[in-house]
Amino acid sequence: MAYDDPGWNRASAWLKGESLEPHVELHVVGVPINRSVTPGSCHLAPAAIREALFRYSTQTFYNFSDVRHAKTIDHEDTIEVETLSSIMASGPAVLLGGDNGVTRLGVNALAKALGKPLTEIGLITLDAHLDLRHLDDGPMNGNPIRGLLADGLLGSNVVQIGIQSFANSPEYARFGVSQGIRTVSSELCHSGDFEILFETELERLADRCQAIYFDLDLDVMDRAFAPGCPGSRPGGLTPHHIRQAARVAGANPKVLVMDLVELDPELDINSATSMAAAACLLEFASGVLASS
């Protein structure tokens, strides 16, 4: 049984609604889609991320704030676009995947919630992969970006950061270029100040889009940090990188939704990947709070 210290506020209680004079609401919902190229159990991830919050407090030292000032509303899990659009219409949201198929569903739900065409929506991803596989076999975690392009999202409104060499095919790389998608390699992410890089790309996207969806695929991390992601590879980003990105995204008023995807809890080791995901939820909340 965990030690109960009344002076140590747990983030798991925050997720259940514990708040302090809330300044803003943050909506959380699990989206347990599990249609992966590599068979797995990503549908178990929402519960694993929620559980990992028990190990965190609500205090951030970035701006010395308490995320309990951002009141959370944790909704029941769903895979219905209508339900997601209704939740998104109520305020900023975090979707707990599920595999990366969540992103196609989520972007369409955001457009519906705002009553805007996909041509006005921007998508920024942290991902090792292009997710541009063919659609012949239906929606899956390997083709949400291609699916969104087919739905009407503009390639010029897509920025993909953390893309790994030797983890994507030449055919799909050429297709992405032909669609105007901007890619930033993992090598470039490691070559300078990642926070500035991410913020610059986000601001550039915000200049031409009415609203932005942030897809945080956990397999963008180095495999040493993401044992729970079948698609992770050596040479990826660190938990520090993705936490920076989550906070910066949350602080940008045009970023209305973040998803956390591609975690298979049955492959995770010592909850390492689940805890990284939970930390990103907290960082996004701290960003939302800082901008309120």
### Message
Can you tell me which residue among L154, L149, V107, L123 is in a side-chain contact (heavy atoms from CB on, under 4.5 Å) with L118?
### Response
V107

#### Entry: Full working for side-chain hydrogen bond (donor to acceptor under 3.5 Å, both in side chains) between N63 and S65
CA-CA 6 Å; N63 57 4; S65 66; 2.8 Å; yes

#### Entry: Flag if over 12 foreign heavy atoms under 6.0 Å of CZ, R146
yes

### Task
Tell me who clusters with L267, hydrophobic residues only, linked when side chains sit under 4.5 Å apart either directly or through other members.
none

### Message
I'd like to know if E18 pairs up with R10 as an ion pair, taking the criterion as any Lys NZ or Arg NE/NH1/NH2 lying under 4.0 Å from an Asp or Glu carboxylate oxygen.
### Response
no

### Task
Report the C-alpha separation of R68 and E21 in whole Å, then their side-chain angles, then the decisive distance to 0.1 Å, and conclude whether the salt bridge (charged side-chain N to carboxylate O under 4.0 Å, His left out) test is met.
CA-CA 8 Å; R68 287 180 297 168; E21 299 177 359; over 6 Å; no

### Pairwise side-chain contact, M221 with T238, heavy-atom cut-off 4.5 Å (strictly under)
no

### Message
Just by distance, no angles: are the side chains of N143 and H134 close enough, under 3.5 Å, to form a donor-acceptor pair?
### Response
no

### Task
Flag yes if more than 12 heavy atoms outside D151 fall under 6.0 Å of its CG atom; otherwise flag no.
yes

### Task
Using a strict 4.0 Å threshold on nitrogen-to-oxygen distance, state whether D74 and R50 make a salt bridge.
yes

### Message
If only side-chain N and O atoms count, and only distance matters, is there a donor-acceptor pair under 3.5 Å linking Q164 with S185?
### Response
no

### Any side-chain heavy-atom pair of C280 and I242 under 4.5 Å
yes

### Residue pair T119 / G152: nearest heavy atoms and the distance that separates them
CG2-O, 3.7 Å

### Message
Using a strict threshold of under 4.0 Å (side-chain N to carboxylate O), is an ion pair present between R247 and E195?
### Response
yes

### Message
So that I can tick it off, tell me whether K254 and D207 are bridged by a salt bridge, with the cut-off set at under 4.0 angstrom between side-chain N and carboxylate O.
### Response
no

### Query
Is the number of heavy atoms from other residues, nucleotides or ligands within 6.0 Å of CD1 (I79) greater than 12?
no

#### Entry: Exam field: side chain D127 to backbone H129, donor-acceptor pair closer than 3.5 Å
yes

### Query
Taking H190 for the side chain and E187 for the main chain, is one N or O donor matched with an acceptor at less than 3.5 Å?
no

### Query
Is a salt bridge present between E25 and K71, judged by a nitrogen-to-oxygen distance below 4.0 Å?
no

### Query
Do side-chain atoms of N34 reach the backbone of C42 as a donor and acceptor pair under 3.5 angstrom?
yes

### Task
From the options L202, I124, L205, select the one residue that forms a side-chain contact (heavy atoms from CB on, under 4.5 Å) with N252.
L202

### Message
Using modelled atom types and a 3.5 Å cut-off, is there a donor and acceptor pairing between side-chain atoms of N168 and backbone atoms of A128?
### Response
yes

### Query
Would you say the side chain of N108 lies within less than 4.5 Å of the side chain of L84, judging by non-hydrogen atoms?
no

### Task
Report yes or no: do N9 and S57 form a side-chain donor-acceptor pair below 3.5 Å?
no

### Query
Can you find a side-chain donor-acceptor pair between S41 and E266 that sits under 3.5 Å?
yes

### Exercise: do Y172 and D131 side chains pair donor with acceptor under 3.5 Å
no

### Task
Answer yes or no for R233 and F166: cation-pi contact, defined as NZ/CZ to six-membered ring centre under 6.0 Å and angle to ring axis within 45°.
no

### Query
Does any N or O in the side chain of S85 come within less than 3.5 Å of the main-chain N or O of A113, such that one atom is a donor and the other an acceptor?
no

### Query
Are any non-hydrogen side-chain atoms of T125 and V159 less than 4.5 angstrom apart?
no

### Message
Using a 3.5 Å distance criterion without hydrogens, assess whether the side chain of S86 forms a donor-acceptor pair with backbone atoms of E82.
### Response
no

### Query
Any donor-acceptor pair under 3.5 Å linking the side chain of D217 with the backbone of L126?
no

#### Entry: Other residues, nucleotides, ligands: >12 heavy atoms within 6.0 Å of H23 NE2
yes

